[in-house]
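Everything numeric here is computed off the predicted structure, so don't read it as measured data.
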Amino acid sequence: MGVGSQDAIKQFQAFIDQVEEPLRRTFQNVHQGYVTETLMRFLKARDWDPSKAYKMLVDCLNWRVQNEIDHILSKPIVPADLYTAVRDSQLIGLSGYSKEGLPVFAIGVGLSTFDKASVHYYVQSHIQINEYRDRIILPSASKKHKRTITTCIKVLDMTGLKLSALNQIKLLTIISSIDDLNYPEKTNTYYIANAPYIFSACWKVVKPLLQERTRRKIQVLPGCGRDELLNVMDYSSLPHFCKREGSGSSKHSETGSENCYSLDHPFHQELYNHIKQQARQRETVEPIKHGSFHVDFPEPPDDESEIAKTIESELHKFENGNGV
């Protein structure tokens, strides 16, 4: 770490030391004891400008307080049938850990339909997974490996990606904005697997719009990417859709314990049980309410809005060009 970076951290630390309750309390749930690493994440997201990073962090803390994010892990999506529907249409799971101990999250971009519930439920579910990752999974991985682990790996499966993705762009932009503004620099690498032609066409025009530090994180893999991913993780940690060349992804292609999207997978069982346990502890304070846990959606940054418009434009071109 250079002298400039150290000075930026010291200046940022001096700013954040002035923060008072309730922002100070929610900051503890953000840093989980790794204050310097957290400050570095926000500094990286704002090109190491302490003033801009401070504003970003304070905006994040205010968002957390205003939307009661500290309590979101005690807000189950009920009834159970609705939660099952969300899980079946928003495909994500923890498949294992890299050789360096980073959690490996698999995301079924192409087969997620986001059509079984309102946008609020999908946002609630996404934030709950973020919070469970940051408060439970990453601290546990750090303890196990006796070193600080604050980032994860994401494997994005593009199997099944269709022109209907146009309908998902708005929701995906909301989720992406929440992550960029409130969970910056939490992903070490994005691996793209099973990319169809439609993705390749969009990638060519989107790639130049991305910031350099984001472009460096994205690797488009050939086919299911099994051989490349085995360089960074063991076979047991591969997402199910990467284990057999040409097998692609499916909601039902593997058993529940192998398919990391499934509610029967240990990750989802542990997450669901944790939320139920936290809810029971809070029931003495307030009863569980049916209905989604509404979170304010941030305005997407200008660069993200531009990327979303570009993707939409390219998909329309593809649609028109193929007579769909």
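Using a cut-off of 4.0 Å between Lys/Arg side-chain N and Asp/Glu carboxylate O, Lys186 and Asp134 are scored as salt-bridged. Contact check on Arg41 versus Glu37 returns no salt bridge, with no Lys/Arg side-chain nitrogen under 4.0 Å from an Asp/Glu carboxylate oxygen. A salt bridge is defined here as a Lys NZ or Arg NE, NH1 or NH2 lying under 4.0 Å from an Asp or Glu carboxylate O, and Lys217 with Glu185 meets this definition. For Glu212 and Arg215, the salt-bridge test passes: some basic side-chain N is under 4.0 Å from an acidic carboxylate O.
By the criterion of side-chain heavy atoms lying less than 4.5 angstrom apart, applied directly or through intervening Ile, Leu, Val, Met, Phe, Trp or Tyr residues, Tyr54 is grouped together with Val35 in one hydrophobic cluster. Both Val220 and Val206 are assigned to one and the same hydrophobic cluster, defined by single-linkage of ILVMFWY side chains at heavy-atom distances under 4.5 Å. Linking Ile, Leu, Val, Met, Phe, Trp and Tyr whenever their side-chain heavy atoms come within less than 4.5 Å puts Val123 and Ile169 in one cluster.
In this structure, CG in Leu43 is found 6.5 Å from CD1 in Ile9, a value given to the nearest 0.5 Å. In this structure, CG on Asp88 lies 8.0 Å from NZ on Lys116, to the nearest 0.5 angstrom. The line from CE of Met40 to CH2 of Trp48 is 4.5 Å long, rounded to the nearest 0.5 Å. To the nearest 0.5 Å, the span separating CG on Leu91 from CG on Leu111 amounts to 6.5 Å. For the atom pair Asn182 CG and Ile127 CD1, the distance stands at 7.5 Å (nearest 0.5 Å). To the nearest 0.5 Å, atom CZ of residue Arg216 and atom CG of residue Leu210 are 12.0 Å apart.
For the residue pair Asp17 / Gln13, a side-chain donor-acceptor distance below 3.5 Å is found, with atom types taken as modelled.
Formation of a donor-acceptor pair under 3.5 Å by the Tyr122 side chain with backbone atoms of Asp115 is found in this model. Of the possible donor and acceptor atoms, one in the side chain of Asn259 sits under 3.5 Å from a partner among the backbone N and O of Tyr261. Under the 3.5 Å distance criterion, the side-chain polar atoms of Ser125 are left unmatched by any main-chain donor or acceptor of Tyr121. Gln128 places no side-chain N or O within 3.5 Å of a backbone atom of Ile77 that could act as its donor or acceptor partner. The main-chain N or O of Tyr190 is never found under 3.5 Å from a side-chain atom of Gln219 such that the two would form a donor-acceptor pair. Side-chain N or O atoms of Arg24 include one that pairs as donor or acceptor with a backbone N or O of Val19 at under 3.5 Å. Using modelled atom types, no side-chain atom of Ser237 and backbone atom of Ser95 make a donor-acceptor pair closer than 3.5 Å. Checking side-chain atoms of Lys75 against main-chain N and O of Ile275 turns up no donor-acceptor pair under 3.5 Å. Judged by distance alone, with hydrogens and angles left aside, the side-chain atoms of Glu270 form no donor-acceptor pair with the main-chain N or O of Phe267 at under 3.5 Å. Under the 3.5 Å distance criterion, the side-chain polar atoms of Asp157 are matched with a main-chain donor or acceptor of Thr159.
Within the 4.5 Å cutoff, no side-chain heavy atoms of Tyr83 are placed close to those of Val78. No side-chain heavy atom of Leu171 sits less than 4.5 Å from a side-chain heavy atom of His126. Put simply, the side chain of Phe114 reaches to within 4.5 Å of the side chain of Leu172, judged on heavy atoms. No side-chain heavy atom of Asn188 sits under 4.5 Å from any side-chain heavy atom of Lys154. Counting only heavy atoms from C-beta outward, the side chains of Ile129 and Tyr132 never approach each other to under 4.5 Å. Residues Trp63 and Leu181 form no side-chain contact, since every pair of their non-hydrogen atoms from C-beta on lies 4.5 Å or further apart. Put simply, the side chain of Pro196 reaches to within 4.5 Å of the side chain of Met158, judged on heavy atoms. Contact of the Phe105 side chain with the Arg133 side chain is registered, since non-hydrogen atoms from C-beta on lie closer than 4.5 Å.
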Between Tyr191 and Cys242, does a side-chain contact (heavy atoms from CB on, under 4.5 Å) hold up when you go through it step by step? CA-CA 11 Å; Tyr191 292 103; Cys242 296; over 6 Å; no
Quick one, Leu138 with Gln32, criterion side-chain contact (heavy atoms from CB on, under 4.5 Å). Give me CA distance, side-chain angles, the key distance, then yes/no. CA-CA 9 Å; Leu138 290 172; Gln32 291 293 317; over 6 Å; no
Asn29/Arg64 under side-chain contact (heavy atoms from CB on, under 4.5 Å): CA gap, chis, key distance, verdict: CA-CA 10 Å; Asn29 272 330; Arg64 293 181 66 88; 3.6 Å; yes
Intermediate values then yes/no, side-chain contact (heavy atoms from CB on, under 4.5 Å), Trp203 and Ile192: CA-CA 11 Å; Trp203 177 239; Ile192 310 295; over 6 Å; no
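Across all non-hydrogen atoms, the minimal contact from His120 to Val295 is ND1-N, 4.4 Å. Contact between Met233 and Pro239 at its shortest, heavy atoms only, is SD-CD, 4.4 Å. When all heavy atoms of Leu230 and Lys99 are compared, the closest pair comes out as O-NZ, 3.1 Å. Taking each heavy atom of Thr113 and Gln168 in turn, the nearest pair found is CA-NE2, 4.0 Å. Minimum heavy-atom separation, Ile149 to Ala141: CD1-O, 3.7 Å. Nearest heavy atoms, His265 versus Leu94: CE1-O, 3.0 Å.
Other residues, nucleotides and ligands place more than 12 heavy atoms under 6.0 Å from the CD atom of Glu21.
Considering Thr187, Ile137, Leu102, Val104 as possible partners of Cys152, the one that fulfils the side-chain contact (heavy atoms from CB on, under 4.5 Å) test is Thr187.
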